[in-house]
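Take a look at the structure set out below.
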Amino acid sequence: MSDDNGSGIDVDEYDDVWVFIEEHAGEVMPVSWELLEEGRTLAEKLGDELVALVIGEDVDEIAEEALARGADRVLVADDPVFEPYRADPYGEQFRAMVEAYKPSIALIGGTHTGRDFAGRVAVPAHAGLTADVTEIDVDDDGLLQARRPAFGGDVLATILCEEHRPQMATIRPGVFEAAEPTGEADGEIVAADVVVEEADCISEVLEREVGDTADITEAERIVAVGHGVEGDLEPARELAEALDAELAASRAAVDEGWIDGARQVGQTGKTVRPDLYVAVGISGAIQHLEGMNKSGTVIAINNDPNAPIFEHADYGIVGDLFEVCPDLADRLEGDLQ
Ligand code: FAD
C-alpha cells in the first residue's frame with residue numbers, strides 16, 4: 001500500500017485492532033465482549049495486537065477483565081468527567097487517543113452510546129466509519145471489510161476504507177459470540193492521558209428519564225409476535241409472562257404500530273440469540289429469520305401447517321394462537337406452582 005495516497009495520511013503508520021469496551025457505572029455492555037472475540041480473529045489475521053479501550057471512572061476491574069478476556073493491551077482513560085456518559089467528553093477523549101496511538105481498526109458497539117459518539121471521532125480524525133455493521137473480516141490487503149444491509153436491506157454492502165485511518169465500524173449487538181475469560185491475563189494496562197476537563201464539556205446531565213429499555217438482544221427468552229396476532233398482544237404477553245420472556249416482533253407487527261420498533265427482530269431490526277425463541281403468528285420470512293436464526297430452541301405457533309417458520313423450528317404447534325398461547329401459559333403456570 002502506498003505511503004501517501006493523497007489523503008495526507010500514511011496508512012502504514014497505523015496498526016492494531018481496537019475494541020471499545022462500553023461501560024456505564026461499572027457495568028459493561030455485552031457487545032463489548034462480542035467485539036473483543038471478533039477483534040481477536042481480525043488481529044490474528046493481520047498479525048496485529050488486540051487493544052481494548054476503556055473510558056470511564058474507576059474502571060480498573062473492567063480493564064483487568066478485558067485482559068482476562070483476551071486483549072493484548074488495555075488503554076484506559078479513567079476520570080470522573082466520563083461518568084455518566086456524555087458524547088462530547090467521550091468523543092474528544094477517543095479522538096485524542098486515536099491521534100496518539102494510531103489504530104488501524106476501531107470497533108465500537110452499535111448501541112445508543114456507540115452510535116452517539118462514533119461520529120465525533122470519525123469526523124475530526126478523518127476516519128472512515130461504517131454504521132450498523134453485521135459482519136466483519138479483512139481482505140488480502142489487510143483492509144477491514146465491513147458488511148451491512150443497504151438499500152433498506154435488499155443488499156448486503158461490503159464497505160472498505162482504503163485511504164483513511166482508523167477504519168471504524170459500529171457493530172450490531174448480538175451478532176457475535178462473546179469472548180470468555182481465558183484464565184490468562186498477561187497483557188498490559190496502559191493509563192492514557194485524559195485530555196478532557198469538566199470545564200471543556202458543553203453538556204451536563206441534569207436528569208435521566210428511562211423509557212422502554214427492554215434490550216431484546218440480551219434476552220434469554222423471547223416471545224415474538226407477528227401479523228397473525230391481529231393487533232391483540234395479550235395472548236403472547238401472557239405466554240411471555242409465564243416464560244419470563246421479553247416480547248419481540250416481526251416487522252409486519254411493528255409496521256402496524258402494535259409494538260415498539262426497538263423490539264423488531266430481523267434484517268432491519270435486531271439480531272437476537274436467546275436460549276428460547278417462540279414465534280407466534282410469524283410466517284418465517286427470510287428477513288425475519290436472519291435476526292433469530294442463532295437462537296437456541298425455536299418454537300413456532302402458527303395455524304398454517306405450511307408456514308416456512310416450521311422448517312426453522314425445533315418444535316411446531318399448528319393451531320390458533322389465541323387458543324394455544326393461553327393454554328401454554330396456563331400449563332406453564334400450573335407447572336411452576
Ligand atoms: P405474515 O407474513 O403476514 O405472517 C403472519 C403469519 O401468522 C402467517 O404465517 C399466518 O399463517 C399466521 N397466523 C395468522 N393468524 C393466525 C392465528 N390466529 N394463529 C396462528 N397463526 C396465525 N421482517 C421482519 O420480521 N424483520 C425485518 O427486519 C424485516 N426486514 C425486511 C427488510 C426488507 C428489505 C424487506 C423487503 C422485508 C423485511 N421484512 C422484515 C418483512 C418480511 O419480508 C415479512 O414481510 C415479515 O417478516 C412478515 O411478518 P409476519 O411473519 O409477522 O407476517
Side-chain angles (χ1 to χ4, degrees), residues 110-111 115 131-135 147-159 170-175 212 214-219 221-240 242-243 245-274 276-295 298-331:
T111 58
R115 288 162 187 243
D132 201 25
V133 170
T134 53
E135 291 173 30
R147 296 200 183 90
R148 53 153 298 158
F151 299 110
D154 284 342
V155 295
L156 203 57
T158 301
I159 296 170
T170 58
I171 301 187
R172 264 198 215 187
V175 292
D212 182 355
D215 182 2
I216 58 168
T217 64
E218 297 305 323
R221 296 174 191 174
I222 286 179
V223 173
V225 296
H227 205 258
V229 303
E230 294 170 8
D232 181 0
L233 266 53
E234 214 34 54
R237 192 168 277 138
E238 236 180 275
L239 181 57
L243 285 168
E246 283 291 352
L247 265 190
S250 71
R251 177 155 133 182
V254 170
D255 286 350
E256 291 282 4
W258 299 336
I259 188 163
D260 194 278
R263 293 178 186 259
Q264 182 185 318
V265 171
Q267 194 184 82
T268 43
K270 302 241 166 91
T271 303
V272 296
R273 47 168 78 223
L276 176 68
Y277 190 88
V278 188
V280 178
I282 290 178
S283 57
I286 182 82
Q287 296 90 353
H288 185 80
L289 298 173
E290 198 168 298
M292 47 68 72
N293 59 14
K294 290 180 184 145
S295 302
V298 175
I299 301 176
I301 303 170
N302 199 302
N303 62 5
D304 174 4
N306 297 316
I309 189 74
F310 286 128
E311 286 167 33
H312 304 271
D314 299 289
Y315 300 96
I317 303 174
V318 179
D320 183 352
L321 69 92
F322 295 100
E323 291 168 13
V324 176
C325 288
D327 188 27
L328 272 180
D330 281 352
R331 287 172 193 237

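Note that the numbering runs from 1 along the sequence shown for the chain. Whatever order the structure lists ligands and atoms in, that order sets their numbers, starting from 1.
Partners of Ala224 under the side chain to side chain contact (heavy atoms under 4.5 Å, CB included) rule, at least two apart in sequence or in another chain, are Ile222, Ala248, Tyr277, Ile282. For Ala307, the side chain to side chain contact (heavy atoms under 4.5 Å, CB included) partners are Asn302, Asp304, Ile309, Phe310, not counting sequence neighbours.
Scanning Gly228, Ala285, Ser250, Pro235 for the heavy atom closest to atom 44 (C) of ligand 1 points to Ala285. Of the options Ile309, Val265, Asn302, the smallest heavy-atom separation from atom 10 (C) of ligand 1 is shown by Asn302. Nearest residue to atom 15 (N) of ligand 1 from Asn303, Ile317, Val318 is Asn303 (criterion: closest heavy atom).
Closest approach of Pro308 and Ser283 over heavy atoms only: CD-O, 3.1 Å. Minimum interatomic distance between Gln264 and Ile216 (heavy atoms only, all atoms of both residues): O-CD1, 4.0 Å. When all heavy atoms of Ser250 and Gly226 are compared, the pair lying nearest together is OG-CA, 3.5 Å.
Distances between N or O atoms of Ser283 and those of ligand 1 include at least one value under 3.5 Å. For Gly281, a nitrogen or oxygen atom sits less than 3.5 Å from a nitrogen or oxygen atom of ligand 1, counting backbone and side chain alike.
Contact annotation: Ala249 has no heavy atom less than 4.0 Å from any atom of ligand 1.
With hydrogens and angles disregarded, no donor-acceptor distance shorter than 3.5 Å links the side chain of Ser295 to the backbone of Arg273. In this structure, Arg115 contributes its side chain and Gly110 its backbone to a donor-acceptor pair below 3.5 Å. Within the 3.5 Å criterion, the main-chain N or O of Gly269 finds no donor-acceptor partner in the side chain of Arg251.
Near Thr268, meaning under 4.0 Å from one of its heavy atoms, ligand 1 places the atoms 27 (C), 28 (O), 29 (C), 30 (N), 31 (C), 32 (C). Near Gly269, with a cut-off below 4.0 Å to any heavy atom, the atoms of ligand 1 are 28 (O). Atoms of ligand 1 found under 4.0 Å from any heavy atom of Phe322 (numbered from 1 in listed order, with element): 18 (N). Atoms of ligand 1 found under 4.0 Å from any heavy atom of Gly266, numbered from 1 in the order shown, are 26 (N), 27 (C), 28 (O). Of all atoms in ligand 1, numbered sequentially from 1 with element shown, those under 4.0 Å from a heavy atom of Asp320 are 17 (C), 18 (N), 19 (N). Atom numbering of ligand 1 starts at 1 in the shown order; those under 4.0 Å from a heavy atom of Gly319 are 19 (N), 20 (C). Counting the atoms of ligand 1 from 1 in the order shown, those under 4.0 Å from a heavy atom of Gly226 are 52 (O). Listed by number with element, the atoms of ligand 1 under 4.0 Å from a non-hydrogen atom of Asp304 are 11 (O).
Between Cys325 and Val280 there is a side-chain heavy-atom pair separated by less than 4.5 Å. With contacts defined as side-chain heavy-atom distances shorter than 4.5 Å, the pair Ile159/Arg148 qualifies.
The residue Val225 has no part lying near ligand 1, judged by heavy-atom distances below 4.0 Å. Counting heavy atoms closer than 4.0 Å to ligand 1, residue Gln264 contributes side-chain atoms (C-beta onward) but none from N, CA, C or O.
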